[in-house]
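A short write-up of the structure that comes next.
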Protein chains: 2
Amino acid sequence: MTPLTPARPPGRPRSGINDVVFAATLSTVRELGYARATVERIAAAAGIAKTTIYRRWPTKGALIVDCLLDAFGPVPLEGGSRAEIVSSAVRWTAGKIGEPGVGDAFAGVFSDGVSDPELREILSSRLQDPYRLALQEALGEPEHRVLFLIDVVVGTLLHRMGMTGEPMVDGDVDALVEMVLPLFHREPDSP
Amino acid sequence: MTPLTPARPPGRPRSGINDVVFAATLSTVRELGYARATVERIAAAAGIAKTTIYRRWPTKGALIVDCLLDAFGPVPLEGGSRAEIVSSAVRWTAGKIGEPGVGDAFAGVFSDGVSDPELREILSSRLQDPYRLALQEALGEPEHRVLFLIDVVVGTLLHRMGMTGEPMVDGDVDALVEMVLPLFHREPDSP
DNA sequence: TGGTTTCGGAACCTAAGGTAGCGCAATTCG
DNA sequence: CGAATTGCGCTACCTTAGGTTCCGAAACCA
């Protein structure tokens, strides 16, 4: 029998530094901004060597995406009605992007992806697709309508963050929720 | 009398290469993407020296912003009703961002601004403010509501462009127009 | 003890934004 | 015409940052 999880691969095991690196990444981005948060500075803040980071993540973009995945976690979709699901998802997104360092890191890695197709693929498949699929499932909506919702919500929040350097205030998040709710007022599967 | 426009300052006059540089910028961005459209390559495509570009624009970001201002031109606001004004402005924005090279350059310079406060100031004051003021005037709306509209429209279009590499298709632009129109259905000055 | 993998560290490569200085060209002013 | 002034092309250079290479040492397994 070949065990599904071999007890442990040979060689020195990896030390549990992912959490330390993620924390160091966010705090460095928060203090210095995305561009000045170099891999070398992040490694120094985490107390490890730069080569150790490149042994685990192929590029800076991949590191940021994993850091964002860790910071976001799963989207809460416990609302009863579709309106409640959309509303809570939008507010959750705004809250996460408003957390210190998260919005900067998100906007920065998104920016890098503009002219880097490989990073764009990582962003799309690892970061956007899981949330898109969860929303499609919860709302019973086709892919292109959920993609449109994500474009509107994330695009608006990142544009505000990018132009002002500050997250969107609660009053405008309320307006954003009210604006997107009519997109999903019609029940898609009702007889 | 001191003439308002002195005939000509002493010294060798600047050659009229701005248009050539703008064209070279857009075509280089279109062919290579934003990050690989280096100032050196843009200068080569324009047939001039890199130092000549830096003699006229202090940074690459300032060059891109001027190039975008040239590409966009004034926003058409001839619509009769507020709904027509908003609708035409949104479609005009989507069309411009969809032009070859323009969307890439816009998304790229916006991305750079995320971690560059000076560039963000240039973007805000030179690119966003003129259009914001024209819209405030045409719609009779306060600053924060027009800023919200710009965040939604530009943010959504850039997010689509950044995630897919392609401009938004007409059907989704229609949905974007329908989504933002209710924001301005109430007349602000009616008795 | 030997095999295997990881870590830290230093040196290095490349690309790109941006600068400095020189010689020359074009134009205005006296 | 000549002098001063300004723009252009060119070369070389500086700095930062992403990413790689290589080596010795550490940690784990058999």
Side-chain angles (χ1 to χ4, degrees), chain A residues 3 5-18 20-21 24-25 28-29 32-67 105 108-109 111-119 122, chain B residues 3 5-18 20-21 24-25 28-29 32-67 105 108-109 111-119 122:
Chain A
T5 58
R8 190 187 275 169
R12 174 176 177 172
R14 291 193 158 180
S15 47
I17 53 177
N18 279 27
V20 180
V21 173
T25 301
T28 306
V29 169
L32 304 176
Y34 181 79
R36 297 184 53 194
T38 68
V39 177
E40 222 153 10
R41 273 191 259 256
I42 291 171
I48 62 171
K50 173 175 137 181
T51 45
T52 301
I53 289 188
Y54 278 107
R55 224 171 268 122
R56 298 179 181 217
W57 293 277
T59 63
K60 176 182 177 179
L63 164 64
I64 300 287
V65 168
D66 268 14
C67 180
V109 73
S111 308
D112 282 354
V114 167
S115 48
D116 183 342
E118 291 187 22
L119 176 55
I122 293 177
Chain B
T5 57
R8 190 187 274 170
R12 174 175 176 172
R14 291 192 157 180
S15 47
I17 54 177
N18 280 27
V20 181
V21 173
T25 300
T28 306
V29 168
L32 304 176
Y34 181 78
R36 296 185 54 194
T38 68
V39 176
E40 220 153 12
R41 272 191 260 256
I42 291 171
I48 63 171
K50 171 177 145 184
T51 46
T52 301
I53 290 188
Y54 278 107
R55 228 171 264 123
R56 299 180 181 217
W57 294 278
T59 62
K60 176 181 178 179
L63 164 65
I64 301 287
V65 168
D66 269 14
C67 180
V109 73
S111 308
D112 282 355
V114 168
S115 48
D116 183 343
E118 290 186 23
L119 176 55
I122 294 177

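Since the model is a prediction, treat every value here as computed from it, not as a measurement. We name chains A, B, ... by the order of the sequence lines, and we start the count at 1 in each one.
- The interatomic distance linking B/Ile53 (CD1) with C/dA20 (P) rounds to 18 Å, in whole Å.
- Residue A/Lys50 places a side-chain atom within donor-acceptor reach of the base of D/dG19, judged by atom type and a 3.5 Å distance cut-off alone.
- If you measure from atom CG of B/Asn18 to atom P of D/dG7, you get 13 Å, rounded to the nearest angstrom.
- For A/Ala35 against B/Ser115, the heavy-atom pair with the smallest separation is CB-OG, 3.1 Å.
- Between D/dG18, C/dG9, C/dT27, one nucleotide has an atom nearer to the side chain of A/Ala49 than all others, and that is C/dG9.
- When each of C/dG8, D/dG9, D/dG19 is scored by its nearest atom to the side-chain atoms of B/Thr52, the top-ranked nucleotide is D/dG9.
- Following rounding to the nearest Å, B/Arg36 (CZ) and D/dG18 (P) show an atom-to-atom distance of 19 Å.
- Comparing C/dA16, D/dG19, C/dC7 by their nearest atom to the side chain of A/Thr59 picks out D/dG19.
- Nearest heavy-atom pair across B/Ala62 and B/Ile122 is CB-CD1, 4.4 Å.
- A pairwise comparison of heavy atoms in B/Val114 and A/Ser111 identifies CG2-OG, 3.8 Å as the closest pair.
- Between B/Ile17 and A/Thr51, the residue whose closest nucleotide on DNA chain D is further toward the 5' end is B/Ile17.
- Straight-line distance from the CZ atom of B/Arg55 to the C1' atom of D/dC8: 6 Å, rounded to whole Å.
- The distance from atom CD1 of B/Ile42 to atom P of C/dG18 is 11 Å, rounded to the nearest whole Å.
- If you find the closest nucleotide of DNA chain C to B/Arg41 and to A/Pro13, the one lying nearer the 5' end belongs to A/Pro13.
- D/dT16 atom C1' lies 14 Å from atom CG of B/Asp116, rounded to whole Å.
- Taking atom CD of residue A/Glu40 and atom P of nucleotide D/dT20, one finds them 14 Å apart after rounding to whole Å.
- A close approach under 4.0 Å does occur between a side-chain nitrogen or oxygen of B/Arg56 and OP1 or OP2 of D/dC8.
- Across the interface with DNA chain D, nearest-nucleotide mapping of A/Ala35 and B/Ser15 shows B/Ser15 to be the residue nearer the 5′ end.
- Between the A/Thr52 side chain and the A/Ile48 main chain, no donor and acceptor come within less than 3.5 Å of each other.
- Cation-pi contact between B/Lys60 and B/Tyr34: present, with separation from the ring centre below 6.0 Å and deviation from the ring axis of at most 45°.
- Atom-to-atom, CG of B/Asp112 to P of C/dG17 comes out at 9 Å; the value is rounded to the nearest Å.
- Each of B/Arg12 and B/Tyr54 has a nearest nucleotide on DNA chain C; the 5'-most of these lies closest to B/Tyr54.
- OP1 or OP2 of D/dT6 has not a single side-chain nitrogen or oxygen of B/Arg14 nearer than 4.0 Å.
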